[in-house]
Amino acid sequence: MTNAAVRQHLLSGAVSGFAGAVFLQPLDLLKTRIQQGDSAISSNSRNTALIWRTTHDIIKQDGMKGLWRGTAATLVRNVPGVALYFTSLTHLRSIMANSPSFSVQEVTTKDGVKTVLPKLTSQGNLLAGAAARVGVGFLLNPFSILKARFESELHAYKSLSSSLLSMARMGPSELMRGFVASSLRDAPYSGLFVVIYESVKRESSKSIVPHLKRSSIAPSAYATTIHGFSAASAGAIATMATHPFDVIKTKMQVRSEERYRGFASTVSRTWQQRGVAGFFDGGSLRMSRKILSSVIGWAIFEGMLLFLQKQ
């Protein structure tokens with residue numbers, strides 16, 4: 001990738017991360033609040049009722065602005081995180097596209113949706129997505145912890161800098177809490193996402209675009225429609241396949257008790273409290289958040305890249 005291409009990818013990814021963080025913060029906040037529990041109180045509660053009760057409690061205590069608690073921490077984590085993820089993913093795919101083991105000969109048709117991303121086999125997409133996501137997750141894990149703790153009501157953090165400094169004083173183990181669970185969530189999530197995204201986009205391009213082209217919809221609009229639909233489909237499937245690790249990650253990062261310091265002990269505690277259902281706490285919220293963020297993120301990312309490259 002040239003320097004200009006890197007700048008374009010970073011800018012597109014940063015705008016994508018900013019939009020998703022600001023618009024979808026309430027869903028992240030509610031998910032964290034529901035997952036942070038250390039009791040079986042919610043085991044008999046209907047998921048929808050629990051979400052509404054949590055929302056009501058937040059608004060009652062802090063007003064509507066309370067739903068955006070932790071937005072600054074989310075921006076610090078997601079803006080560079082999404083920018084680095086998209087840039088590293090494209091760079092990895094560009095490198096792997098030169099290998100006979102991963103490259104594919106693209107067959108273009110007059111009905112295809114234009115894309116700026118390298119084409120790989122499903123195995124290549126799986127590997128590139130997983131490697132990019134885990135690498136970025138490793139670099140930004142301390143900010144992931146800050147994000148979760150600002151969203152949680154279990155920590156009285158006041159500023160990002162003082163909170164990060166406080167964590168750093170506790171040593172590397174504190175800064176990397178939950179990284180194993182995050183990796184077990186992010187590697188399969190991102191790998192599956194890229195594979196499904198590219199597959200749905202390819203098939204949708206063949207079946208839906210011809211119908212859209214016969215309508216009065218502008219080419220840029222139906223390209224955005226295909227990118228958004230593909231991202232939503234991929235986000236939904238990948239989210240539910242990896243959600244248990246998100247629950248484990250959240251508990252490890254926001255709970256201070258010794259029983260939540262290890263991966264195995266956190267799994268054991270969650271199982272004792274809630275059984276299988278405990279590993280899907282906040283699943284509908286994360287599903288909604290991931291679908292919407294995928295639509296926003298990938299539509300903006302590919303759309304901005306196409307625009308910038310035309311300029």
Side-chain angles (χ1 to χ4, degrees), residues 1 5 8-9 12-13 15-17 20 82 85-134 186-242 287 290-310:
M1 291 174 65
Q8 290 173 353
H9 281 74
S12 301
V15 172
S16 169
V82 175
Y85 168 68
F86 278 135
T87 304
S88 59
L89 175 63
T90 304
H91 186 58
L92 279 173
R93 292 173 70 179
S94 298
I95 295 174
M96 295 170 70
N98 295 320
S99 169
S101 301
F102 300 115
S103 63
V104 295
Q105 186 68 37
E106 182 172 10
V107 178
T108 57
T109 68
K110 63 180 181 179
D111 294 322
V113 171
K114 184 173 175 58
T115 182
V116 295
L117 302 178
K119 295 295 181 182
L120 300 178
T121 62
S122 294
Q123 294 87 342
N125 283 324
L126 187 68
L127 181 60
R133 191 65 176 258
V134 172
D186 291 344
Y189 173 86
S190 186
L192 285 171
F193 182 96
V194 176
V195 171
I196 298 169
Y197 175 77
E198 291 296 333
S199 299
V200 174
K201 185 170 66 174
R202 182 175 59 251
E203 295 304 317
S204 298
S205 177
K206 295 176 183 177
S207 58
I208 298 177
V209 170
H211 299 288
L212 294 176
K213 284 193 170 185
R214 287 194 290 269
S215 67
S216 59
I217 301 176
S220 59
Y222 63 68
T224 300
T225 300
I226 293 299
H227 293 152
F229 174 73
S230 303
S233 303
I237 297 171
T239 294
M240 292 315 295
T242 59
M287 171 77 80
K290 283 294 186 181
I291 290 175
L292 292 172
S293 67
S294 298
V295 171
I296 294 171
W298 283 84
I300 290 177
F301 177 68
E302 290 224 49
M304 277 197 67
L305 277 185
L306 288 169
F307 173 78
L308 291 171
Q309 292 194 1
K310 285 180 181 178

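Every value quoted in this text rests on a predicted model; they were computed, and no experiment measured them.
Two residues are said to be in side-chain contact when any heavy atoms from C-beta on lie closer than 4.5 Å; Gln8 and Met304 fail this criterion. Counting only heavy atoms from C-beta outward, the side chains of Lys119 and Arg202 never approach each other to under 4.5 Å. Under the 4.5 Å side-chain criterion, counting only non-hydrogen atoms from C-beta, Phe229 is not in contact with Lys201.
Considering every non-hydrogen atom in both Gly124 and Phe102, the closest pair reads CA-CD2, 3.5 Å. When all heavy atoms are compared, the tightest approach of Ala187 to Ala130 is O-CB, 3.4 Å. Shown here for Leu92 and Ala132, the closest heavy-atom pair between the two residues is CD1-N, 3.9 Å. Minimum interatomic distance between Leu120 and Ala128 (heavy atoms only, all atoms of both residues): CD1-CB, 4.4 Å. Here the closest heavy-atom approach between residue Val195 and residue Asn125 is recorded as CG2-CB, 3.9 Å.
The structure places CD of Glu203 at 12.0 Å from OG of Ser233, a figure rounded to the nearest 0.5 Å. We find the CD1-CD1 distance between Ile291 and Ile296 to be 12.0 Å, quoted to the nearest 0.5 Å. To the nearest 0.5 angstrom, Thr242 atom OG1 is 8.0 Å from Asp186 atom CG.
For Ser190, the side-chain hydrogen bond (donor to acceptor under 3.5 Å, both in side chains) partners are Tyr85, not counting sequence neighbours. Ser293 pairs by the side-chain hydrogen bond (donor to acceptor under 3.5 Å, both in side chains) definition with Arg289, not counting sequence neighbours. With sequence neighbours excluded, the residues satisfying side chain to side chain contact (heavy atoms under 4.5 Å, CB included) with Ala231 are Phe193, Tyr197, Ser294, Trp298.
For Ser16 (side chain) and Ser12 (main-chain N/O), no donor-acceptor pair under 3.5 Å exists by modelled atom type.
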